[in-house]
Each structure stands twice: as structure tokens, then as C-alpha cells.
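Below: the structure, in C-alpha cells.
Convention: sequence-line order gives letters A, B, ...; per-chain numbering from 1.
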Amino acid sequence: NAGVTQTPKFQVLKTGQSMTLQCAQDMNHNSMYWYRQDPGMGLRLIYYSASEGTTDKGEVPNGYNVSRLNKREFSLRLESAAPSQTSVYFCASSETTGDYGYTFGSGTRLTVV
Amino acid sequence: GENVEQHPSTLSVQEGDSAVIKCTYSDSASNYFPWYKQELGKRPQLIIDIRSNVGEKKDQRIAVTLNKTAKHFSLHITETQPEDSAVYFCAASHTGRRALTFGSGTRLQVQP
């Protein structure tokens with residue numbers, strides 16, 4: 001039982017390049033999330049998927065797109081990376097939205113130069 | 001939307017002392033309050049949570065208290081140990097809300 005698996009763990013991009021962060025969970029959770037973590041700013045919600053087939057914007061969605069490929073997988077895409085997107089990205093899942101705790105992936109440290 | 005404020009941003013205590021971290025929230029409908037611990041370079045992990053039908057919850061050396069009237073909740077760690085050193089995040093949500101809103105984090109350092 002791996003929980004939430006994120007790939008890659010580290011990535012360096014040049015400004016303007018694109019990439020996709022992958023996330024998969026094996027806990028049969030309905031809801032999945034993408035957060036970014038910046039120093040002193042906690043965890044900010046980028047996008048979430050309440051259930052398979054639905055996605056919605058969070059607090060900081062600009063510059064990102066997501067795909068809920070199936071119940072297990074939720075990917076985050078940066079179409080044209082910018083230095084402001086340098087951050088640590090965490091995927092998480094929960095049984096459903098609202099009053100349930102999250103299980104987080106191990107994170108992706110992204111640097112855009 | 002929900003706003004969660006967390007204090008202090010850093011906290012240094014001696015081993016064996018107690019540590020208290022406080023959070024306030026803005027949405028009176030919030031009814032779920034989890035706490036996460038994040039060790040350096042690791043993922044956040046849920047350590048304790050409380051729902052609004054209780055005022056306090058304990059799990060060994062950690063406890064969380066909730067004051068719904070004042071809209072604040074706190075994490076208490078007793079008999080701190082060096083392995084408690086980490087960043088702690090509070091969060092708030094409620095049934096039907098889209099996702100957790102996190103506080104900005106508290107870096108706790110326990111001095112041996």
C-alpha cells in the first residue's frame with residue numbers, strides 16, 4: 001500500500017518549458033488536490049478534484065491545468081513555466097471533500113530558471 | 001472564503017517544556033480542524049484532528065482544544081522531545097467545503 005505517489009521528486013525547467021507532474025493514489029479516495037508550498041505561506045490550493053470526472057480551481061490556479069485521468073490519477077500541467085512557479089508541489093487525497101484528513105504525496109521540488 | 005491565521009511563526013522550547021500553537025479561523029461554518037506535522041524535506045502528516053462537536057481531544061503528548069465562540073483552536077505538545085522539531089500546520093474546513101485552508105505554519109525547535 002503505497003498511499004500517494006508523486007513523480008518526479010525534483011525538476012529544473014527553463015522559463016517557457018512545459019511539464020506534467022503525476023500523482024496516483026491507491027486508497028480508493030474520491031477527492032484529490034494539488035497544493036504548492038512556498039516559504040512562510042503555508043500550503044495554497046491550486047486545483048482540486050472532488051470526484052472522478054470533476055475538477056475545480058483553487059486559490060492560485062493561474063498558469064496551471066489539471067486532468068483527473070481516472071479515480072486513481074490526478075496530474076498537474078505547467079504549460080509555460082515561469083520563475084514564479086518555483087515551489088514545492090504536493091498532491092494529496094482524501095475520502096471526500098470537506099471534513100476529512102488528507103494523505104500527502106512526497107512532493108515535487110520544481111525550480112524554474 | 002475561509003482565512004486561517006497561525007501564531008507564532010517560530011517557537012523554540014527546551015526539551016521537556018510544553019509548546020502551544022494557536023490558530024484562528026474566519027468561517028463560522030467550519031467544523032473540522034486538523035493539524036499536520038512536516039519534518040524537514042518530508043511530506044505533511046496528519047497528527048491529530050478535532051471536530052466541532054468536541055472541545056478537546058488528546059493523543060498521548062499532544063492535544064487540541066477548540067473554542068467555537070471565539071473561532072480559535074490550539075495545539076498543545078507536552079514533555080517536548082527533539083523529534084518534535086518540525087513545522088506544524090493547522091487547517092480548517094467544513095462539510096461541503098471544497099478543500100482544507102491551511103495556516104502559514106509554525107517552526108518548532110526543541111533544544112536538547
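The backbone N or O of B:P44 lies less than 3.5 Å from no partner atom in the side chain of A:Y102, so there is not a single donor-acceptor pair. Here the side chain of B:Y32 pairs a donor or acceptor atom with the backbone of A:G101 at under 3.5 angstrom.
No other option in B:N31, B:L100, B:L46 has as many heavy-atom pairs under 4.5 Å with chain A as B:L100. With chain B as partner, the option from A:V88, A:L45, A:L43, A:T96 having the largest number of non-hydrogen pairs under 4.5 angstrom is A:L43. The candidate from B:G103, B:G41, B:P34, B:A99 with the greatest count of non-hydrogen atom pairs under 4.5 Å with chain A is B:A99. For the set B:H94, B:K42, B:R107, the entry with the most heavy-atom pairs within less than 4.5 Å of chain A is B:H94. Your options are A:P39, A:S31, A:G42, and the one with the most heavy-atom pairs under 4.5 Å with chain B is A:G42.
Contacts with chain B (heavy atom to heavy atom, under 4.5 Å) involve these residues of residues 103-113 of chain A, listed by number: A:F104, A:G105, A:S106.
Contact annotation for A:K57: only backbone heavy atoms (N, CA, C, O) come within less than 4.5 Å of a heavy atom of chain B. For B:F33, no part sits under 4.5 Å from any heavy atom of chain A, backbone or side chain. Contact annotation for B:R51: only side-chain heavy atoms (C-beta onward) come within less than 4.5 Å of a heavy atom of chain A.
Under the 4.5 Å side-chain heavy-atom criterion for grouping Ile, Leu, Val, Met, Phe, Trp and Tyr, A:V60 is not connected to A:Y48 through any hydrophobic cluster. A:L78 and A:W34 fall within a single hydrophobic cluster, where Ile, Leu, Val, Met, Phe, Trp and Tyr side chains are chained together by heavy-atom contacts under 4.5 Å. The hydrophobic clustering, which links ILVMFWY residues whose side-chain heavy atoms are closer than 4.5 Å, places B:L11 and B:Y88 together. Both B:I48 and B:V110 are assigned to one and the same hydrophobic cluster, defined by single-linkage of ILVMFWY side chains at heavy-atom distances under 4.5 Å. Put simply, B:Y36 and B:I47 are part of two different groups of oily side chains (I, L, V, M, F, W, Y) that touch within less than 4.5 Å, one to the next.
Two residues are said to be in side-chain contact when any heavy atoms from C-beta on lie closer than 4.5 Å; B:Q38 and A:Q37 meet this criterion.
Within a 6.0 Å radius of CD in B:E83, other residues, nucleotides and ligands contribute more than 12 heavy atoms. Within a 6.0 Å sphere centred on CD of A:E79, heavy atoms belonging to other residues, nucleotides or ligands number more than 12.
Residues passing the salt bridge (Lys or Arg N to Asp or Glu O under 4.0 Å) test with B:K22: none are found, sequence neighbours excluded.
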